S.K.: 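Could you have a look at this structure, given as structure tokens, before my questions?
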Amino acid sequence: MTALEPSTTPGSSAPGGLVKSVVELDRVVIRLAGDSGDGMQLTGNRFTSETASFGNDLSTLPNFPAEIRAPTGTLPGVSSFQLHFADHDIMTPGDAPDVLVAMNPAALRANLADLPGGGLVIVDSDEFTPRNLAKVGYATNPLEDGSLEGWQVVSVGLTSMTLEALKDSGLGKKEAERSKNMFTLGLLSWMYHRPTEGTVRFLERQFRRKPEIAAANIAAFRAGYNYGDTTEAFAVSYEIKPAPMAPGRYRNISGNQALALGLVAAGQRSGLPVFLGAYPITPASDILHELSRHKAFGVRTFQAEDEIAGIGAALGASFGGALGVTTTSGPGVSLKSEALGLAVMTELPLVVVDVQRGGPSTGLPTKTEQSDLLQAMFGRNGEAPLPVIAPRSPGDCFDAALEAARIALKYRTPVMLLSDGYLANGAEPWAVPVADELPDLRVEFATEPNGAAADGTPEFLPYLRDPETLARPWAVPGTSGMQHRIGGLEKADRSGNISYDPANHDLMTRLRQAKVDGIAADIPATDVDDPTGNARVAVIGWGSTYGPIGAACRQIRNSGREVAQIHLRHVNPMPADLGEVLGRYDRVVCPEMNMGQLALLLRAKYLVDVQSHTQVRGLPFRAAELAAVVQDVIDSGNPTTQTPTATTPSSGGTQ
């Protein structure tokens, strides 16, 4: 049964004798859209939390403007929140909504094209005034001119009904109007049988210092719920049963929250204090906010005056024996590049989190992209290799943070963790791990001399390497006898003294590269999903493309075709068996939200004719689009070149 093939069961009678039917669905995609001040992100997050507590699998896609406050009622100011929830495992926020809630004409105009014919549109009819219509270029009211006949349209006076519900609240008209998002949330909670107790508790907690505001929002929320239960406009409600999940404790989590908690866990499992040096930048700032709440777990956060100071402080903390972390987005990585080279030269553990966004320059601050891969690989002067790790989902950001810390501590190297805006702001149910089952990250500091001077006197050699990992010893300043030089000038092998010797520089450069290359023996084999083993075409991706690629592969298999999915968490070094894996397939397709950066690396390293399929629209891939691309490759039987429909403005596509 699909969302378009519901089963209807008798419901209860509402007041007045109206019979309310309950339609059972297996999934639904809802998009809330309104002005930046309409509270769409808050509404979406609350609906998501209640959906998670109900037990559905879910995936979200917040989408909001970069402007702090665009002009009210205009297209640039439209903010939206899309939620896909189901009674089974899902991998994406959905290609298109089944239901669009439009709080004003701008929201309708900006989002209607994404709603398939026959979809449900709920609009706030109070906002469709001549002035608001004119702002977005509507010559006539679409609620009255017949232009929406292809959709199911329900006009609801959300604003006026909210004001009526709060007429005795003591709030002014403007303040009362702000609660219309809670009225909307109440209506949707009734429509989809969502729990309500959590939202009431949230509002009481959120506005505990303003009880009159809390009471107004709760009243609006309940009024919206009751409206759905009693109105003739909605004779049907919908039920999506909980999804089967492994036993355990779950919570709803965003990528930035998961990443921050992964860093906290890394501190606990290593026994080291965690120090974050960061400068606020969209979309990474929430990691700073989350970590600042965990001082009780030995976390210290420092909001630096700029990006360079942030990484400098974090590297200093690592020198002092802490787990140093710095967070940023693409423009910040550019500014941190010199200090990153210093971290490579000093061979100190450091976790560098890049939550990628659209570029170049300031680019698209609130939109997603994967365009920093080559910067992570090569964006430093000289030969300065470092490991690169990328999470695949919001919940996986926790595990990726732990893995980044593990590699940084074990191999004494900076590690780049590449998240992106889609993962950072998206959310999904996350199984809370058992702390004692997380990897042991404890390290041993150097406390005794590890060598001898020419006269036989014991001495500390800061660049005498572990034969297995090639990591140098980590000596905390102030430890007796462990004095050593530190800085950006080339180090002499073993002694760490400043050296300009050509042979030594060649040796140290190769040792630093060999250390990173050697990590390949310490990571899992390539993640391959090829159920029958008979696929001749493989789709390879990294980072957040995992969900859309996985959903596309499901569609292809459901159509009777064979396809394999290959996913990379470790982008540098790549898994040791990746070359052999790629060699199994006749054709390899690589979708990326950039201009083909992983494809470039794969072609260079493995001499594989990778077919690159790219988009840089600031939005994640749609599964249906990827499925169509891969099906064409499978059916054609011939490799093709770069797919123009995803990369050129003239494509006319709707990826």
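Excluded from the calculations below are hydrogen atoms, water molecules and symmetry mates; all remaining heavy atoms, backbone and side chain alike, are included. All values derive from a computational prediction rather than experimental measurement.
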S.K.: Find out whether Arg194 and Leu188 are in side-chain contact, i.e. whether some heavy atom of one side chain is under 4.5 Å from a heavy atom of the other.
M.R.: no
S.K.: Roughly how far apart are Leu374 CG and Leu601 CG, rounded to 0.5 Å?
M.R.: 5.5 Å
S.K.: From Arg561 CZ over to Ile556 CD1, what is the distance, rounded to the nearest 0.5 angstrom?
M.R.: 8.0 Å
S.K.: Do the non-hydrogen side-chain atoms of Leu568 and Ile540 ever get within less than 4.5 Å of each other?
M.R.: yes
S.K.: Side-chain donor-acceptor pair under 3.5 Å between Asn56 and Lys241, yes or no?
M.R.: no
S.K.: Among side-chain atoms of Thr196 and Glu50, is any donor-acceptor pair under 3.5 angstrom?
M.R.: no
S.K.: Do Thr526 and Asp577 have side-chain N/O donor and acceptor atoms under 3.5 Å apart?
M.R.: yes
S.K.: Please find the pair of heavy atoms, one from Pro391 and one from Asp396, that lie closest to each other, and give the distance.
M.R.: CA-OD2, 3.4 Å
S.K.: Kindly determine whether Glu428 and Ser393 satisfy side-chain contact (heavy atoms from CB on, under 4.5 Å), including the steps that lead there.
M.R.: CA-CA 8 Å; Glu428 66 178 356; Ser393 69; 3.0 Å; yes
S.K.: Are side-chain N/O atoms of Asp530 and Tyr585 paired as donor and acceptor at under 3.5 Å?
M.R.: yes
S.K.: Let me check something: any side-chain donor-acceptor pairs from residues 351-365 under 3.5 Å, sequence neighbours excluded? List them with distances.
M.R.:
from	atom 1	to	atom 2	distance (Å)
Asp354	OD1	Gly330	N	3.3
Gln356	OE1	Asp372	N	3.1
Gln356	NE2	Ser419	O	2.8
Arg357	NH1	Thr282	O	2.7
Arg357	NH2	Thr362	O	3.2

S.K.: Are the side chains of Leu115 and Leu120 in touch, meaning some heavy atoms are under 4.5 Å apart?
M.R.: no
S.K.: Can you measure from OG1 (Thr60) to CG (Asn425) and round to the nearest 0.5 angstrom?
M.R.: 8.0 Å
S.K.: Please work out whether the ring planes of Tyr238 and Tyr192 are parallel, tilted or perpendicular, with thresholds of 30° and 60°.
M.R.: parallel
S.K.: Closest heavy-atom contact between Pro62 and Gln41?
M.R.: CB-OE1, 3.2 Å
S.K.: Using 0.5 Å steps for rounding, measure from the OG atom of Ser80 to the CG atom of Asn63.
M.R.: 4.0 Å
S.K.: Would you find a donor on one side and an acceptor on the other, under 3.5 Å apart, between the side chain of Asn256 and the backbone of Pro283?
M.R.: yes
S.K.: Would you call Arg587 and Asp609 a salt bridge, using N to O less than 4.0 angstrom?
M.R.: no
S.K.: So, for Ala551 and Thr92, which heavy atoms are closest and what is the spacing to 0.1 Å?
M.R.: CB-CG2, 3.9 Å
S.K.: Is it true that the side chains of Glu592 and Ser612 contain a donor and an acceptor less than 3.5 Å apart?
M.R.: no
S.K.: Is there side-chain contact between Met182 and Leu185, with heavy atoms separated by less than 4.5 Å?
M.R.: yes
S.K.: For Trp542, enumerate each residue passing the ring-ring contact (aromatic ring centres under 6.0 Å, His included) test, keeping only those at least two apart in sequence or located in another chain.
M.R.: none
S.K.: When the aromatic ring centroids of Phe81 and Phe64 are compared, is their separation below 6.0 Å?
M.R.: no
S.K.: Is the shortest distance from a Lys or Arg side-chain nitrogen in Asp529 or Arg554 to a carboxylate oxygen in the other one below 4.0 Å?
M.R.: no
S.K.: So which atom in Ser636 and which in Val633 form the shortest heavy-atom distance, rounded to 0.1 Å?
M.R.: OG-O, 3.0 Å
S.K.: Knowing that exactly one of Asp87, Asp89, Asp98 qualifies, which makes a salt bridge (Lys or Arg N to Asp or Glu O under 4.0 Å) with Arg27?
M.R.: Asp98
S.K.: Let me confirm one number: the CD1-CD1 distance from Ile549 to Ile566, rounded to the nearest 0.5 Å.
M.R.: 10.0 Å
S.K.: State the NZ-CE distance between Lys367 and Met593, to the nearest 0.5 angstrom.
M.R.: 13.0 Å
S.K.: Quick one: do Glu403 and His570 satisfy side-chain hydrogen bond (donor to acceptor under 3.5 Å, both in side chains)? Show the steps, please.
M.R.: CA-CA 10 Å; Glu403 176 67 354; His570 297 85; 2.8 Å; yes
S.K.: Quick check: closest heavy atoms across Phe47 and Ser189, and the distance to 0.1 Å?
M.R.: CE1-N, 4.1 Å
S.K.: Applying the side-chain contact (heavy atoms from CB on, under 4.5 Å) criterion to Phe398, which one of Val432, Val264, Leu261 satisfies it?
M.R.: Leu261
S.K.: Quick check: closest heavy atoms across Asp57 and Ala243, and the distance to 0.1 Å?
M.R.: N-CB, 3.6 Å
S.K.: My understanding is that only residues two or more places apart in sequence, or in another chain, count here; which of them pass salt bridge (charged side-chain N to carboxylate O under 4.0 Å, His left out) with Asp114?
M.R.: Arg31, Arg622
